[in-house]
Asker: 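This is the structure I want to talk about, given as structure tokens.
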Amino acid sequence: MKKDDITLTEEQMRERAAEGYFIRDLEKDRVYCPTGEILRKKSTRKNGDIRYANKMACKQCEHRSKCTRSIWKEVDFPENVREMRNINWLKSEEQAE
């Protein structure tokens, strides 16, 4: 069984996200960020990738600097991808150790 075939509960998705990942819930078409906020579908790009964002959550997030240098984070997911590493987040966690 491939990792993408495993169905995770909402709690499991949030736990995985907290490790420094963006986790996409394919059933509800949303993404969990490392702080547990929900990013919603914003658009579909010409290449078919789906863009997710939550401007209000990012603007108010106390951890934004660990995630992005922008005012908010937009995350593009190819069709069948369920998780993406938040490289900036993971680097900041390594530096804190």
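All figures in this text were calculated on a predicted structure; none of them were measured in a lab.
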Asker: Report the distance from atom CZ of Arg14 to atom CG of Leu8, rounding to the nearest 0.5 Å.
Answerer: 13.5 Å
Asker: For Lys59, does its backbone N or O pair with a side-chain atom of Arg64 as donor and acceptor, under 3.5 Å?
Answerer: yes
Asker: Rounded to the nearest 0.5 Å, how far apart are CZ of Arg82 and CG of Asp25?
Answerer: 7.5 Å
Asker: Taking 4.0 angstrom as the limit, do Glu19 and Arg16 come out as a salt bridge?
Answerer: yes
Asker: Backbone N or O of Ser43 within a donor-acceptor pair of the Arg51 side chain at under 3.5 Å?
Answerer: no
Asker: In Å, rounded to the nearest 0.5 Å, how long is the span from CD of Glu37 to CZ of Arg30?
Answerer: 11.5 Å
Asker: Of all heavy-atom pairs between Ala17 and Tyr32, which one has the smallest distance, and what is that distance?
Answerer: CB-O, 3.8 Å
Asker: Rounded to the nearest 0.5 Å, how far does CE of Met13 lie from CD of Glu83?
Answerer: 11.5 Å
Asker: Which heavy atom of Lys41 sits nearest a heavy atom of Asp29, and at what distance?
Answerer: CD-OD2, 3.4 Å
Asker: Give a yes or no answer on whether the side chain of Asn54 reaches the backbone of Ile38 with a donor-acceptor pair at less than 3.5 Å.
Answerer: yes
Asker: Would you compute the distance between atom SG of Cys33 and atom CG of Leu39 and round it to the nearest 0.5 angstrom?
Answerer: 6.0 Å
Asker: Report whether Ile50 and Phe22 are members of the same hydrophobic cluster (ILVMFWY, side-chain heavy atoms less than 4.5 Å apart, transitive linking).
Answerer: yes
Asker: Atom CZ of Phe77 and atom CG of Leu26: how far apart are they, to the nearest 0.5 Å?
Answerer: 9.0 Å
Asker: Apply side chain to side chain contact (heavy atoms under 4.5 Å, CB included) to Cys58 and Thr68, showing your working.
Answerer: CA-CA 9 Å; Cys58 291; Thr68 184; over 6 Å; no
Asker: Which pair of heavy atoms, one from Pro78 and one from Asp76, lies closest together, and at what distance?
Answerer: CD-O, 3.9 Å
Asker: Of the non-hydrogen atoms in Gln12 and Thr7, which two are nearest, and what is the gap between them?
Answerer: OE1-O, 4.3 Å
